[in-house]
Amino acid sequence: MTIDVATGISRILKEEGVGWVSTFPVCRVNNALGREGVPMLMMRDDRYAVAVADAFSRITAGSRIGVCTFQGGVNAAGMQYAYAGMAQAYEDGSPVLCITDGVPAGSSGNSQYDVASAMKTVSKWFGYLDKPERTPELMRRAFTMLRSGRPGPVILAIPNATATYDETADPYHPVKGWKSAPDPADVRAAVDQLLRARSPLIYAGEGVIYAGASEDLKALAELVNVPVITTLKAKGAFPEDNPLFVGVRGDQVAHYLNKSDLILAVGSSLSPGRFSHGIPDPAKKTIIHCNVDELHINKMYPTAHAVIGDARLTLQALRQEMSGRTPGAGRNAGNVAAEVKAARDQGLARYRQVMNSDEKPINPYRVYGDLMEVLDLKNSFVTHESGNTRDQLSTVFDTLIPRGFLGWGNVSTLGFSLAAAIAAKKAFPERASVAVTGEAGLGYMLGNLEVLLREKLGITVVHISNGGFAGYGPGFWGPGHDPFTHRVLGPDEVDMSKVIGALGFHTERVSEPAEIIPALRRALEINTSGRPAYIEFICCQYPVYGQWVGRGEG
Ligand SMILES: Cc1ncc(C[n+]2csc(CCOP(=O)(O)OP(=O)(O)O)c2C)c(N)n1
Ligand SMILES: [Mg+2]
């Protein structure tokens with residue numbers, strides 16, 4: 001049967017199990033999506049269209065692919081705005097599918113903005129559908145890229161959505177995605193080294209989450225009796241109530257990174273950016289690098305041994321080899337758990353103290369501590385914003401299940417937390433979903449808040465309202481990092497709870513520490529009926545949090 005390209009794409013998306021597509025209009029495949037019954041989540045700008053789909057892929061660990069559409073072609077206004085979302089997805093390695101209009105044949109010289117070159121800089125693959133009958137071929141290739149290897153965004157440009165082809169000529173079959181298992185010799189070499197190490201440390205990255213390997217990570221860590229740290233993006237890959245969990249950041253993490261003689265990195269590229277640890281004295285440590293992508297080997301640090309393959313298959317192979325070598329008993333290394341506990345207690349002491357603070361304005365840690373108390377940490381979702389909320393929550397928030405918390409942002413684009421909280425609600429409707437933001441993140445979100453009301457997305461935005469932009473190092477304020485560009489109108493001048501309340505959100509403004517828990521409870525309860533909530537906590541400026549090892553605070 002002859003169909004047009006847009007209809008073909010819509011049908012293939014359905015075959016691939018895509019349940020909805022986020023969008024900002026216009027895109028020439030949207031009408032076909034509508035006709036074919038693919039629901040569209042219409043955001044209020046193109047960046048958020050990408051970010052919601054991106055976050056959906058992250059939160060489901062790529063088991064459900066987020067798909068978005070936005071305007072491209074000769075009038076690529078949408079694409080220019082969506083670029084920020086794609087750059088963030090590419091930077092963080094998220095398997096999101098972006099569909100846009102392509103520049104039609106004959107029009108490639110019309111505009112100044114070169115679509116193809118721009119898109120290639122932010123994608124794992126940029127496909128251009130130059131012939132209608134190639135629709136199944138390009139979609140197959142796209143889903144192969146999305147479901148195999150190192151994750152990353154794929155962009156498809158459709159220059160002529162109404163061109164037709166024969167749907168029966170090359171019938172589409174969904175793509176399963178493929179994994180590879182490591183070389184047994186590399187596994188043996190890694191275990192040799194592990195058995196020889198005095199003070200090994202597991203450094204877990206987001207690849208563990210994408211591989212669905214959290215249980216395997218825990219099993220290996222317990223067998224080998226090795227402490228574990230996770231990256232920001234992998235927060236939750238290892239249960240944070242496990243006695244071997246050291247942390248994401250903070251003094252105790254620095255202590256273990258410094259003292260370790262062997263780093264077993266699993267599912268991390270080990271290429272630290274602004275929001276991750278460097279490896280101190282790398283030449284003096286043995287680095288075993290387990291990764292799906294061989295091009296990460298010897299990237300920034302000398303790799304002693306590489307184990308290439310899927311993180312789950314790798315962890316299983318390491319565990320099996322270790323059990324075989326140590327008759328099932330693992331590595332006897334003394335009371336590692338007690339040492340970890342002592343280091344964690346010491347590292348977290350100053351935060352635990354302010355988590356119980358009654359001071360006014362409210363200390364932000366009191367809000368985080370109360371949030372942990374109110375939420376069912378095995379059945380909820382929390383994410384941070386760029387700014388102090390990232391730094392503070394990643395220091396103290398207890399994450400007990402993978403994606404109970406989404407850490408994001410090798411480069412952290414303000415505003416992403418709203419997209420993440422929406423995606424979490426779409427992925428796990430029964431879970432409470434909370435975005436914690438400062439005023440800068442809130443500013444980015446404002447135009448998109450209508451979506452939550454229209455779509456009845458019961459999420460809670462927690463605003464740590466401190467009247468200024470913090471940011472890096474000692475904060476933007478006072479003698480801190482950027483003293484000239486930190487002050488905005490704060491809670492004394494603007495009542496954001498009234499502004500957002502007028503839109504239709506349930507809103508509250510809280511300045512009493514004792515009111516934090518009741519206010520959060522009310523918001524979460526109201527969320528269950530599909531109504532979004534915004535709570536403004538009047539907080540002090542408190543730029544205190546765990547540091548990244550080996551990073552300048554510039
Ligand atoms: C798109 C984008 N532009 C600029 C920045 C740089 N930046 C990081 S944090 C921040 C200010 C954060 O202030 P606020 O939201 O009030 O958070 P606080 O730390 O006060 O809680 C800025 C401007 C960024 N992360 N993203
Ligand atoms: Mg602020």
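None of the values given here were measured: they were computed from a predicted structure. Whatever order the structure lists them in is the order used to number ligands and atoms, beginning at 1. These values consider heavy atoms only, across backbone and side chains, with no hydrogens, waters or symmetry-generated copies.
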Between Arg431 and Asp376, does any side-chain N to carboxylate O distance fall below 4.0 Å? no

Can you sort out which atoms of ligand 1 are near Gly387, meaning under 4.0 Å from one of its heavy atoms? 9 (S), 19 (O)

Of all the atoms in ligand 1, which lie at a distance below 4.0 Å from a heavy atom belonging to Asn466? 18 (P), 20 (O), 21 (O)

Return the orientation label for the His384 and Phe405 ring planes: parallel under 30°, perpendicular over 60°, tilted otherwise. parallel

Any N, O or S atom of Gly468 closer than 2.8 Å to the Mg ion (ligand 2): yes

Polar proximity ligand 1 side, Thr389 side, N/O cut 3.5 Å exclusive: no

Arg344 side chain near Phe245 side chain, heavy-atom distance below 4.5 Å: yes

Measure from atom 11 (C) of ligand 1 to every heavy atom in Phe469, Tyr545, Phe416 and give the option owning the shortest one. Phe469

Check each atom of ligand 1 against the heavy atoms of Ala440 and keep those under 4.0 Å away; list them by number with element. 11 (C), 12 (C), 13 (O), 14 (P), 15 (O), 16 (O)

Side-chain (Glu206) to main-chain (Gly93) donor-acceptor, under 3.5 angstrom: no

Arg454 (side chain) donor-acceptor with Met42 (main chain) under 3.5 angstrom: yes

Considering only NZ, NE, NH1 and NH2 on the basic side and carboxylate oxygens on the acidic side, decide whether Glu240 and Lys235 come within less than 4.0 Å. yes

Keeping to residues at least two apart or across chains, list the side-chain hydrogen bond (donor to acceptor under 3.5 Å, both in side chains) pairs with something in residues 413-427. Gln88-Thr413, Glu385-Ser417

Between Ser465 and the Mg ion (ligand 2), is there a contact where an N/O/S atom of the residue lies under 2.8 Å from the metal? no

For ligand 1, is there an atom lying under 4.0 Å from some heavy atom of Glu439? yes

State the atoms of ligand 1, each with its element, that fall below the 4.0 Å cut-off from a heavy-atom position in Gly441. 15 (O)

Identify, by name, the N, O or S atom of Glu439 lying closest to the Mg ion (ligand 2). OE2

Any non-hydrogen side-chain atom of Tyr351 less than 4.5 Å from a side-chain atom of Tyr368? no

Numbered atoms and elements of ligand 1 in range of Thr413, under 4.0 angstrom, heavy atoms: 1 (C), 26 (N)

Can you list the atoms of ligand 1 that are under 4.0 Å from a heavy atom of Tyr444? 1 (C), 2 (C), 3 (N)

Close N or O approach (Gly468, ligand 1; < 3.5 Å): yes

Per-pair distances, 0.1 Å, donor-acceptor, side chain in residues 516-526, under 3.5 Å, sequence neighbours excluded:
unit_1	atom_1	unit_2	atom_2	d
Arg522	NE	Glu508	OE2	2.8
Arg522	NH2	Glu508	OE1	2.9
Arg522	NH2	Glu515	OE1	3.4

